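Written below as structure tokens is the structure these notes are about.
The chains referred to below are lettered A, B, ... by the order of the sequence lines, with proteins before strands, and numbering in each begins at 1. None of the values given here were measured: they were computed from a predicted structure.
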There are 2 protein chains.
Amino acid sequence: MKNITQQQSRVLDCIQNHINKTGFPPTRADICNDLGFKSPNAAETHLRALEKKGYITIESGRSRGISIVHKSNQEPINHEFPVIGLVAAGSATLASENIEKKIPCAQNLFSDNFDYFLRVRGLSMIEAGIMEDDLVAIKKTQDIKNGDIVVARIDDEVTLKYFKKENSNKVVLKPANKDYSDIVVESSDADLFIEGKSVGLIREN
Amino acid sequence: MKNITQQQSRVLDCIQNHINKTGFPPTRADICNDLGFKSPNAAETHLRALEKKGYITIESGRSRGISIVHKSNQEPINHEFPVIGLVAAGSATLASENIEKKIPCAQNLFSDNFDYFLRVRGLSMIEAGIMEDDLVAIKKTQDIKNGDIVVARIDDEVTLKYFKKENSNKVVLKPANKDYSDIVVESSDADLFIEGKSVGLIREN
DNA sequence: ATAATTACTGAATAAATATACAGTATAATG
DNA sequence: CATTATACTGTATATTTATTCAGTAATTAT
């Protein structure tokens, strides 16, 4: 997580205090009042900086649409697991700009420990009961067996598929949807990297 | 604390859910959107009623200036939720003999609060992405809309199905599996009780 | 050195939002 | 039986609020 300046930290605190006190986030004007700024743009620019650095999210156009992503001061109750979108071509990394939000839960929620949630896009695994927008719990590991559901990266494209190793230099990534076709990767061909495997799933209705 | 009506309760839930989901309270328009009202005054009058009864406070003139005074259930951030098998004919009750195990997680893991997990048996909801052995998070409520996935008890048999009210005395429980047929319940017929509805899902691989 | 970041003031404006007012209708209450 | 509460639609409007633009100035990175 990127460093923030002292003033940005004051603004972040101000937001948290306002929520603690009133139950809802401050407006730009509220921040100015609390911290003594005379222009709403002073608050605005600090908010944009905090957003850029991943500390808050701002819902465009909505009043008080600020939420704090990362609670800097106190330790999370259990542990907060990041939710990463499967959208961005090129990376399912844990870089802050890819983190949609965080979910507090026990690391042993599933039988196997996990590292992050992946937000599912598309219907390629629908016959495995994995629907669009589901959150798949991913464990970062290279310990993959045939039949595992894996997060695979091929040439900077990330997908969720069944894993099947046909022989020493041929891997097949199988979708669970008869309308989709297998992805066959010959070891020479393209570079395939297995980010991890699915150990569970959460669906928010 | 004074009694609130069913509609007022829905509004109160809506406020809490909005805070859980976004971090800030809803506007009148947000409430209308969520609950299907067409006039902002519908939300306004409900809010005034809830304020009068002491459930919320409204800061005059401030956008989203709603705070929930009385947190009906004191929000055990970390709580253990029972897992109940759908096997036993006759009861999806919370009686200890039905509890398979307990899962520690935040009550607001899903956008809507929930009361227990139900272990799914059979394939009747497979096209909704609900597989055998999945844990469906159930909120005990009577606030059911068409299309909700409900836990229904008919003559001591408990099932998970889509809910559809055809008219005042005909309810259809629809499976999400073309090999299964609808269950039609005429109000005179059998006694149907809706235990609650699905608000989320967990799958342990 | 020169661009970028930080840290503001001050003004303007479009959009979001709370809120009042005028109705309609039904159920509950005393 | 009158009154109050509930449960809305629909319209209007003043106010709040987010957000952009034009500046100034100091600090920090490249």
If I compare all heavy atoms of A:Ile149 with all of A:Ala128, which pair ends up nearest, and what's the gap?
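Closest heavy-atom pair between A:Ile149 and A:Ala128: CD1-CB, 4.5 Å.
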Within this structure, what is the [atom1]-to-[atom2] distance between [X] and [N], rounded to whole angstrom?
{"X": "B:Asn33", "N": "C:dA16", "atom1": "CG", "atom2": "P", "answer": "13 Å"}
{"X": "B:Glu59", "N": "C:dA18", "atom1": "CD", "atom2": "C1'", "answer": "13 Å"}
{"X": "A:Leu35", "N": "C:dC8", "atom1": "CG", "atom2": "C1'", "answer": "13 Å"}

Proximal nucleotide (of [options]) relative to the [X] side chain:
{"X": "A:His46", "options": "C:dT6, C:dC8, D:dT19", "result": "C:dC8"}
{"X": "A:Arg62", "options": "D:dT6, D:dC8, C:dT17", "result": "C:dT17"}
{"X": "B:Lys38", "options": "C:dT6, C:dT9, D:dT9", "result": "D:dT9"}
{"X": "A:Ser63", "options": "D:dT19, D:dC8, D:dT17", "result": "D:dT17"}

Relative to each other, are the rings of A:Phe110 and A:Phe117 parallel, tilted or perpendicular (30° and 60° limits)?
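If you compare the ring of A:Phe110 with that of A:Phe117, the planes turn out perpendicular.
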Under 3.5 Å, is there any donor-acceptor pair linking the side chain of A:Asn41 to the base of C:dT9?
yes
Answer yes or no: is there an ion pair linking A:Arg203 with A:Asp134, defined by an N-O contact shorter than 4.0 Å?
yes
When you check the gap from the basic side-chain N to the acidic O, do B:Asp133 and B:Arg121 get nearer than 4.0 Å?
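So B:Asp133 pairs with B:Arg121 through a salt bridge.
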Find the bend of the helix from C:dA1-D:dT30 to C:dG30-D:dC1 as the angle between its two terminal axes (five pairs each), to the nearest 10°.
40°
